[in-house]
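Structure record follows, encoded as structure tokens.
Note that the structure is predicted; figures quoted are calculated from it, not measured.
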Amino acid sequence: MSESRPVTTGEQVRPQPRRFYDGGVLPVGDRIGLPPDPAHDPRIVLERHLEDGLEVFSLERRIAYDDRHLGEILVPATTDFRTDLTSTPVLFTWLVPKTGAHLPAALVHDALVAGGGEPSYDSTEGHTIDRVDADRVFRDAMADTGTGVVRRWIVWTAVTAATIFVPGGLPRSSGWSPAVRWAHRVGAGTSIAAILLLGYWSTADLVDRSWPLAREVPWMGEGAWWLELLGGVSGAIVLPLVLGLLWGRFRIAGAIAGVMLAVLLHVTLGLAAVLAAYQLLERLASRAPRLAIALAVAVVLAAVVVFALTVS
């Protein structure tokens with residue numbers, strides 16, 4: 001078997017929808033398998049399963065994808081494959097929904113990384129596909145499904161970050177020595193930690209509060225609030241671009257991840273608070289409905305009192 005060389009450059013690809021086609025059916029028991037058919041569009045046939053209380057799906061037909069570097073990819077490789085569709089955290093489904101135009105590409109990626117870290121899939125032409133390859137295939141395949149440029153690079157950044165940190169994501173068999181692997185992990189982790197710390201300092205500076213361990217940051221300046229906010233936004237763009245260099249070979253992903261984290265930090269925290277409150281109320285309503293009703297009444301009465309005091 002030949003091994004592929006991962007492609008992680010920032011090259012753009014021209015969308016070619018016909019690279020996806022019907023992958024046929026895997027043989028199961030007495031059922032005869034069907035070969036892939038490049039003349040027909042892919043048919044995504046899902047069967048829903050509940051495993052350990054989680055909703056997952058199996059693919060009843062295979063998906064075929066003709067990758068520009070690896071040739072034909074047929075997934076799933078086995079009938080026990082399970083997927084949760086697009087693996088998007090709840091907080092970010094507004095940005096990358098579970099399903100949509102990108103679904104065929106997401107299913108291909110899920111199948112390619114189903115083995116965890118170490119390479120577990122070979123293309124029809126015999127190329128061994130590791131997670132770095134799979135992430136690049138995902139990005140190119142999203143282009144072929146018509147997924148927007150910004151969304152596909154954001155998604156690629158997310159899966160690349162997972163590849164850096166997941167055990168075996170940068171395997172020795174693909175040329176990643178332990179030293180290089182840990183250098184990438186430390187670099188990515190350091191940049192993320194630095195952005196979070198700088199975001200904390202910038203927020204304290206903006207609201208003029210002396211929070212624990214907070215420091216004034218020079219890019220915020222002193223002046224009208226909107227000038228300080230403008231300085232904060234500029235810092236949230238420029239500094240992550242520099243810190244992204246710590247991601248080494250994945251510096252493009254580092255730059256995107258850093259800017260996204262810095263710019264959306266407060267939005268994410270707000271969404272996390274709302275989600276946590278919802279989950280708490282949902283659990284309270286199911287376990288102690290009377291207490292939930294009493295709490296709702298108390299919140300409404302408190303809101304009425306505050307509203308009356310405010311307008312009076």
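- Side-chain N or O atoms of Arg62 include one that pairs as donor or acceptor with a backbone N or O of Gly23 at under 3.5 Å.
- Geometric assessment of Arg185 against the ring of Trp182 yields a positive cation-pi assignment under the 6.0 Å and 45° thresholds.
- The distance from atom CD1 of Ile73 to atom CD of Glu125, rounded to the nearest 0.5 Å, is 9.5 Å.
- Neither side chain, Asp205 nor Ser202, offers a donor N or O lying under 3.5 Å from an acceptor on the other.
- Shown here for Trp247 and Ala161, the closest heavy-atom pair between the two residues is CH2-CB, 4.0 Å.
- A salt bridge is absent between Asp67 and Arg19: the closest approach of a Lys/Arg side-chain nitrogen to an acidic carboxylate oxygen does not fall below 4.0 angstrom.
- Two different hydrophobic clusters hold Leu46 and Val56 under the rule that ILVMFWY side chains link at heavy-atom gaps under 4.5 Å.
- Within a 6.0 Å sphere centred on CG of Leu309, heavy atoms belonging to other residues, nucleotides or ligands number more than 12.
- Between Arg139 and Asp135, none of the side-chain N atoms (NZ, or NE/NH1/NH2) sits under 4.0 Å from a carboxylate O, so this pair counts as no salt bridge.
- Put simply, Val299 and Val304 are part of two different groups of oily side chains (I, L, V, M, F, W, Y) that touch within less than 4.5 Å, one to the next.
- Counting heavy atoms from C-beta on, the side chains of His102 and Val155 never come closer than 4.5 Å.
- With hydrogens and angles disregarded, a donor-acceptor distance shorter than 3.5 Å links the side chain of Asp37 to the backbone of Ala39.
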| task | Test side-chain contact (heavy atoms from CB on, under 4.5 Å) on Ser177 and Val180 and set out the steps. | result | CA-CA 5 Å; Ser177 68; Val180 173; 3.2 Å; yes
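- Distance alone, capped at 3.5 Å, is enough to place a donor-acceptor pair between the Arg181 side chain and the Leu170 backbone.
- A donor-acceptor pair under 3.5 Å is formed between the side chain of Arg251 and the backbone N or O of Gly248.
- From Leu59, atom CG reaches atom CD of Glu47 across 11.0 Å, with rounding to the nearest 0.5 Å.
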| field | Step-by-step side-chain contact (heavy atoms from CB on, under 4.5 Å) determination, Ile44 to Leu107 | value | CA-CA 9 Å; Ile44 299 179; Leu107 294 174; 3.8 Å; yes
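- Using cut-offs of 30° and 60° on the angle between ring planes, the pair His184 and Phe250 is perpendicular.
- Of the possible polar contacts, none joining the Ser174 side chain to the Pro171 backbone as a donor-acceptor pair under 3.5 Å is found.
- Following chains of ILVMFWY side-chain contacts shorter than 4.5 Å, one cannot reach Val263 starting from Val238, and the two form parts of different hydrophobic clusters.
- Annotation: His40, atom NE2; neighbour count of heavy atoms from other residues, nucleotides and ligands within 6.0 Å does not exceed 12.
- Look at Arg68 and Asp144 and you find a salt bridge, because one of the NZ, NE, NH1 or NH2 atoms lies within 4.0 Å of a carboxylate O, short of that distance.
- Between Arg131 and Val166 there is a side-chain heavy-atom pair separated by less than 4.5 Å.
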| task | Go through Glu60 and Arg43 one step at a time and tell me if the side-chain contact (heavy atoms from CB on, under 4.5 Å) criterion holds. | result | CA-CA 9 Å; Glu60 299 302 295; Arg43 294 175 55 191; over 6 Å; no
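- Inter-residue side-chain proximity for Asp133 and Asp130 is flagged as met; some heavy-atom pair is nearer than 4.5 Å.
- With contacts defined as side-chain heavy-atom distances shorter than 4.5 Å, the pair Asp22/Arg61 qualifies.
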| task | Evaluate side-chain contact (heavy atoms from CB on, under 4.5 Å) for Leu295 paired with Ile293, printing each intermediate quantity in order. | result | CA-CA 5 Å; Leu295 180 62; Ile293 293 173; over 6 Å; no
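- Counting only heavy atoms from C-beta outward, the side chains of Trp153 and Ile252 approach each other to under 4.5 Å.
- In terms of heavy-atom proximity, Val108 sits nearest to Phe20 at CG2-CE2, 4.0 Å.
- With hydrogens and angles ignored, the 3.5 Å screen pairs a side-chain donor or acceptor of Thr88 with a backbone N or O of Val96.
- In this structure, CG on Leu284 lies 6.5 Å from CG on Leu280, to the nearest 0.5 angstrom.
- Taken to the nearest 0.5 Å, the OG1 atom of Thr268 stands 12.0 Å off from the CG atom of Leu275.
- Between Leu50 and Arg48 the shortest side-chain heavy-atom distance falls below 4.5 Å.
- The environment of OH in Tyr278 is sparse: at most 12 heavy-atom neighbours from other residues, nucleotides or ligands sit within 6.0 Å.
- Of the inter-residue distances, the one linking Ile154 atom CD1 with Met142 atom CE reads 10.0 Å to the nearest 0.5 angstrom.
- Using a 4.5 Å heavy-atom threshold, the side chains of Pro36 and Glu72 count as touching.
- The environment of CZ in Arg31 is crowded: more than 12 heavy-atom neighbours from other residues, nucleotides or ligands sit within 6.0 Å.
- Going from atom CD of Glu55 over to atom OG1 of Thr83 covers 10.5 Å, rounded to the nearest 0.5 Å.
- Linking ILVMFWY residues whenever their side-chain heavy atoms come closer than 4.5 Å, directly or via other members, places Leu112 and Leu85 in the same cluster.
- Contact annotation: the side chain of Val159 approaches that of His109 to within less than 4.5 Å [non-hydrogen atoms, C-beta and beyond].
- Salt bridge annotation for Arg18-Asp41: present, with a cationic side-chain nitrogen under 4.0 angstrom from a carboxylate oxygen.
- Contact between Leu213 and Trp201 at its shortest, heavy atoms only, is O-NE1, 3.0 Å.
- The two atoms that bring Ala101 and Thr147 nearest to each other are C-OG1, 4.2 Å, heavy atoms only.
- Aromatic ring centres of Trp156 and Phe138: separated by at least 6.0 Å.
- In this structure, Gly232 and Trp219 approach most closely via the heavy-atom pair CA-CD1, 4.1 Å.
- Counting heavy atoms of neighbouring residues, nucleotides and ligands inside a 6.0 Å radius, atom CD of Glu216 does not exceed 12 of them.
- Residue Leu206 is grouped with residue Leu239 when hydrophobic side chains (ILVMFWY) are merged at heavy-atom distances under 4.5 angstrom, including chains of intermediate members.
- Nearest heavy atom pair, residue Leu70 against residue His127, reads O-CD2, 3.3 Å.
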